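Note sheet for the following structure.
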Amino acid sequence: MTERPDTPRLTDRAEAARQQRLAREAEALRANLRRRKQQTRARTAPASDAPGSGDISSNEA
């Protein structure tokens with residue numbers, strides 16, 4: 001498939017800026033995914049880790 005002759009071309013400087021932007025976006029997406037996974041793990045952690053979540057019957061003695 002050939003490119004159309006009227007398609008605008010990016011200069012070397014513009015292409016470098018585009019690549020840098022794409023790299024920054026990719027890193028931001030990876031950081032966001034890590035943060036979301038950490039939040040999910042914290043929500044699904046066993047409730048026994050929380051203070052005051054012990055068995056009530058063991059406190060009645």
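For clarity, every value in this text was computed on a predicted model and none was experimentally measured.
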Validation row: Arg34, Lys37 side chains within 4.5 angstrom (heavy atoms): no
Note, Asn32 side chain near Arg35 side chain (heavy atom, < 4.5 Å):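 Side chain of Asn32 against side chain of Arg35, heavy atoms only: contact under 4.5 Å found.
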Rounded to the nearest 0.5 Å, how far does [atom2] of [Y] lie from [atom1] of [X]?
X: Gln38; Y: Arg43; atom1: CD; atom2: CZ; value: 11.0 Å
X: Leu22; Y: Gln19; atom1: CG; atom2: CD; value: 5.5 Å
X: Arg36; Y: Gln39; atom1: CZ; atom2: CD; value: 9.0 Å
X: Gln20; Y: Glu15; atom1: CD; atom2: CD; value: 11.0 Å

Set of residues satisfying side-chain contact (heavy atoms from CB on, under 4.5 Å) with respect to Leu29, sequence neighbours excluded: none
